[in-house]
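To start, the structure under review is shown below, and the notes come after it.
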Amino acid sequence: MTNAQSMQAILPVITLLITGMVVLLGDAFLPFWRRSGVASGSLSLLGIVIAAGFALDRLSHQPTHSLAFHGALSLGRFTQACTLLLLLLAGLAVLLAVTYLENRRLNRGEYYTLVLFATSGAILMAAANDLIVLFIAVEMLSVALYVLAGFARSEPRSEEAALKYFLLGAFAAGFLLYGIALIYGGAAISGLGGTTNLALLHLRQGSVPGFMTVAGLALVLVGLGFKAALVPFHMWAPDVYEGSPTSVTGFMAVVVKVGAFAALMRLFIAFAPAAAYWLPAIQIIAVLTMVTGNLLAVTQTNVKRMLAYSSVAHAGYLLIAVAAAATPAAQPLALQAMVFYLAAYGLMTLGAFAVLAWLSHRDADCQTLSDLRGLVRTDPAAAWLMVIFMLSLGGIPPTMGFIGKWYLFTAALQSHQLWLAITLALVSMVAVFYYLRVVWTLCFEEGSGISVSRNTLAPAGVQISLYVAALLSLLGGIAPIVWQPLMLAARSLGRMP
Amino acid sequence: MQLTGLISLMVAAPLLGALIVILLPGTTATAEGSEQSVVGGVQRMLLCGTALITGLLAFLCAVGMMAFYATHSQAYMQFNEKLHWIPLGNGQWVNYHMGIDGISLLLTLLSTFVISLTLLYATRSNERLKERLALLLLLESALVGVYCAQNLVLFYLFFEASLIPTYLLVGMFGGARRASAAIRFFLYTFVGSVLMLLAIVALYHYTGTFNIAALSSSSSAAGIALRHLPSQALFWMFAAFALAFSIKTALFPFHSWLPDAYAEAPVVGSVALVLLKMGIYGFVRIAIPIFPQQAQNMAPLFIVLAVCSIIYGSLVAAVQTDARRVIAFSSVAHLGFVVLGIFTFTRIGMMGALLQNFNHGIFTPMLFLLLGMLTERRGSTDIADFGGVKKVLPMLSTMMLIATLGSIAVPFFSGFAGEFPVLLGSWVSSISHSVGGYWPTALAAAGTILAAVYMLWWYQRIMLGPVRFEEIRKMPDLNRTEWAVVLPLACLIFWVGLGSGFFTRRMNQAVNRLVPYYREQIDSSLPVSAMVSDEREVEEKQVRMNLRNHALLITSPDAPAPALQGAHFSPPPILKGIPVRGYHPRRMPIPAGMGGPASKPSGVSNRSLPMQHGKPGGAAGAASHRPSAPAHAVPANPNAPVMQSGAGEKHP
């Protein structure tokens, strides 16, 4: 692609960044803007919709060339699918934040700017074809999230979350960068000149990588594993998820995962010829993540912490797709399974956090199981929506979570990794227990949880976001065909040059 | 005549009804008694009207299909519907494939009928009416879906989806220990079904298709691929399915969720639980047809477990003090009979089991509904709190007596029409003979006597004797709605008891396919085997003649292939000049002394009718045109990436 074409191809990202800056400036300098309360949110939403329009346009055009900016970015159909998914999730997160922030008296314009920047970072992570670009994208995402985690400045818990996330995140960024350097060095040692371009690395990759490359790959895995909250790099997740404002948690839980897994997938597919060297590590981490995440989630009484561990567990499930991609024959299905599962995971997790956000108001942040007790009597709509999301997270049909899990099963078996599939099946049984406990609390227990006093002045964003997420998760379970364009697009990473 | 769309309508109508009921205003926030007046007349009518109409619509669809069902048709399934559903890439799809045969038909009829009546029953109470109705409708939809699903993913989807409404019904409206009963029920069945999911995906991995028809036919590419797998793999897959279905059926060692769930559930929940017949259905639709050899090998075990179920259920039922737990344990015993009949591998036993399965879905809900009515009046389910009810409530007592006698298997009542063939099947079956001579049959027959003991004693303690409590004297007899609920069930009990042929004749073809004459396990030492051997010879001759006349190569005599109209893979390849006998040497010598006492002449016509060719298509169709040699597995779809890496030989 020429530079002009490349610019055109990343129009979604550019749109997001421009919108973010406009929102920031408008909020800073226009008093009426700040008073209106919804101006920032709606403008961000508009930006997201326009960006999605660009991405859709590109998706429908089936670009022949996918490498932009001399191979720095790969903007093929896989990237567009991830972009669309990220934009959908970001849009839902913005809608959810409009209400939540207003209710918690946190409504400030920079929130949306940070969300937009983080989303662009995640999109670039999915698109990065060069490890240096990947690093920049990760930082773009992370820095915005560090600030967002501490967005409730008056609350010590939020500050603690931000600090914890930042310190550990900076540490992980170091690993990532060191790993990239080693990979560069490994490429240089081979005599063809150092490079961090994944397409080039893929071309040169033989079945026996050098020591430096393996070490670099391991360190990059640590860095990205931290972002994706893989065990044993998951320690930050529960605290950060619990401390951050609920709207941030929802956004963080889904957007980071999409970006991180797209990047992991691209990285390991580039090194697929040397699968023998990294596949065992991925398999072990996948099993560890699934088991640990699910077992720790069982004991939680705070729903946000429970969802944090559940998102760790889901990261383990997603890692199965990465492991499956090591087998070339199973690669398209693995990619498709990953994107579908990311969509399912994103919708249901965001939905679950949205229910919590919906129930929170100025005096009370809805967090614990006891807040949800007997909700089906006091607020049936919220309760039933939560039931849908919990069933979907548990992978029970007819929800999208089930179809997603089923795709993962198929991918695992197609790449002959029976044990991963069996582990997935076994931990699913554990998982159902704690998701059902939420349903139990909501529907079966008597007594009053959080007082339901709706702030009628707050905009109805969270409701829209909730209903869209619930509808899409159900639709994805009953007629997965609605996600077909996205899945078809995701089947290939695009031609390696 | 083939009507399409009826099945989808039958699934969609209750679903739509549930949606409307949920979205209708009001009536939810009535937790406290004082607020119940909120349930206004119009709103209530709208609510109940929607639920009943959509519920009945599904029932009418089932009746319509029964009316138009071609009893003697050789088609594997009728009223087929097929649409693309889950994309797998490379132009492969998991299909939304629905169809119905005699076995499914009876079960759909049962579920839609009983749920419609239960809906009517549920409208009598005001407490959180909306949720009750919506959940029942959702359950109806899921149940119908399970019985009509023609591919494993769809089956699993509905199988699991039926769990949710049941779980919520039990957990939200049940008795004191409802939450633990509900979660136990859910987790118990979920464990089984996750293993089943693994087996389903493994089946796909080995064969490249999810289609039940293709997998259970031994002549389709998928079937051939399957039959050449190592027996260990087949065993584990069968075990996963069998475990899931045994748990769902509440077979003896896996029954422990059942009594608690049945007894803690509200009345509608108990009925819902009774209607979860997919354990039995799964055995006859999936586990046995897809893994016939494994099922046959394991049959002695299942017969032992079934007899244990019968005896254990009966004995424990006798000592219960809670009226509902008696019925719960009696269910364990009844389902034991059903499993016994299935695993005798005789046509008569199979037919009796299926009929008994249907019966159990009539008299047990009727008992629960009547007990619910009684409990509402008395406010207790303890047997000790009753006595002499018959003097006060003669009508209710009479109805209860009908249901009780149905449950005991008294002749002319439905239970007899089911249990007698099961015992007969067990008597003539060589499998149950190999387990322990005539002991299995004798013990099972003792079970019916025990049933009479505990059920009659139960009835006597509740209904007969002096009126021991003042409260009982004030109780009103059945009102109009209650009559409308129980009378149809009572009629059905007599109908099945007196004219079971009406219900069984549509299952003839399906049962013949399930237990083909050469697989029927008749004990050769019995006089009956000589009697049926003539019939067997006729049938065998017919098959050979058929083959010669049509110069057809039927890859295996048990092929349902000639009957595959509408199923989505093509008929077996027509190859002229290949000697028929040489094809499947290990199948052709048919052991002497095998035949079917229950096989009607229709079993003969099974093979004599001309071929009805379905449209080739789908995964299996692509490959079955080639001369599929049995020596090695033929991949179901050469394009499937799974198969490229070798079907069956490779282990991850």
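Since the structure is predicted, the reported quantities are computational estimates derived from the model, not experimental observations. Each chain gets a letter, A, B and so on, in the order its sequence line appears, and its residues count up from 1.
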Please classify the contact between [X] and chain B as side chain, backbone, both or neither, with a heavy-atom cut-off of under 4.5 Å.
{"X": "A:Pro332", "result": "neither"}
{"X": "A:Leu391", "result": "side chain"}
{"X": "A:Phe340", "result": "neither"}
{"X": "A:Ala479", "result": "backbone"}
{"X": "A:Met487", "result": "side chain"}
{"X": "A:Ile481", "result": "both"}

_side-chain contact (heavy atoms from CB on, under 4.5 Å) between A:Phe409 and B:His205, intermediate numbers included_ = CA-CA 10 Å; A:Phe409 269 126; B:His205 176 64; over 6 Å; no

*In terms of heavy-atom pairs under 4.5 Å, which option from A:Leu488, A:Ile403, A:Leu424, A:Leu333 contacts chain B the most?*
A:Ile403

*For the residue pair A:Phe444 and B:Tyr167, is the inter-centroid distance of their aromatic rings smaller than 6.0 Å?*
yes

*Please test B:Leu197 against A:Phe402 for side-chain contact (heavy atoms from CB on, under 4.5 Å), starting from the C-alpha separation and ending with a verdict.*
CA-CA 11 Å; B:Leu197 181 63; A:Phe402 162 66; 4.1 Å; yes

Could you grab the distance from atom [atom1] of [X] to atom [atom2] of [Y], nearest 0.5 Å is fine?
{"X": "A:Cys443", "Y": "B:Leu169", "atom1": "SG", "atom2": "CG", "value": "11.0 Å"}
{"X": "B:Leu168", "Y": "A:Leu436", "atom1": "CG", "atom2": "CG", "value": "9.0 Å"}
{"X": "B:Met172", "Y": "A:Arg377", "atom1": "CE", "atom2": "CZ", "value": "7.0 Å"}

_Looking at every non-hydrogen atom in both residues, tell me the closest pair between B:Pro87 and A:Gln336 and how far apart they are._
O-NE2, 3.2 Å

_For B:Ala202 against A:Leu413, the heavy-atom pair lying closest together_ = N-CD1, 3.5 Å

*Take the angle between the ring planes of B:Phe210 and A:Trp406 and call it parallel below 30°, perpendicular above 60°, tilted in between.*
tilted

_Worked check of side-chain contact (heavy atoms from CB on, under 4.5 Å) between B:Leu187 and A:Met429_ = CA-CA 7 Å; B:Leu187 289 180; A:Met429 298 176 197; over 6 Å; no

_Proximal component of B:Ile164, with respect to chain A [non-hydrogen, under 4.5 Å]_ = side chain

_Interchain contact, B:Ile86 with chain A, by part (heavy-atom threshold 4.5 Å)_ = both

_Counting heavy-atom pairs under 4.5 Å with chain A, which one of B:Val94, B:Leu163, B:Val194 comes out on top?_
B:Val194

*Can you check whether anything in residues 141-161 of chain B gets within less than 4.5 Å of chain A, heavy-atom wise, and list it by number?*
B:Val153, B:Tyr156, B:Leu157, B:Glu160, B:Ala161

*With distance as the sole test, does B:Trp85 use its side chain to make a donor-acceptor pair with the main-chain N or O of A:Ile478 at under 3.5 Å?*
yes

*Kindly indicate, with the supporting measurements, whether the criterion side-chain contact (heavy atoms from CB on, under 4.5 Å) is fulfilled by A:Ile396 and B:Phe186.*
CA-CA 11 Å; A:Ile396 295 161; B:Phe186 195 109; 3.4 Å; yes

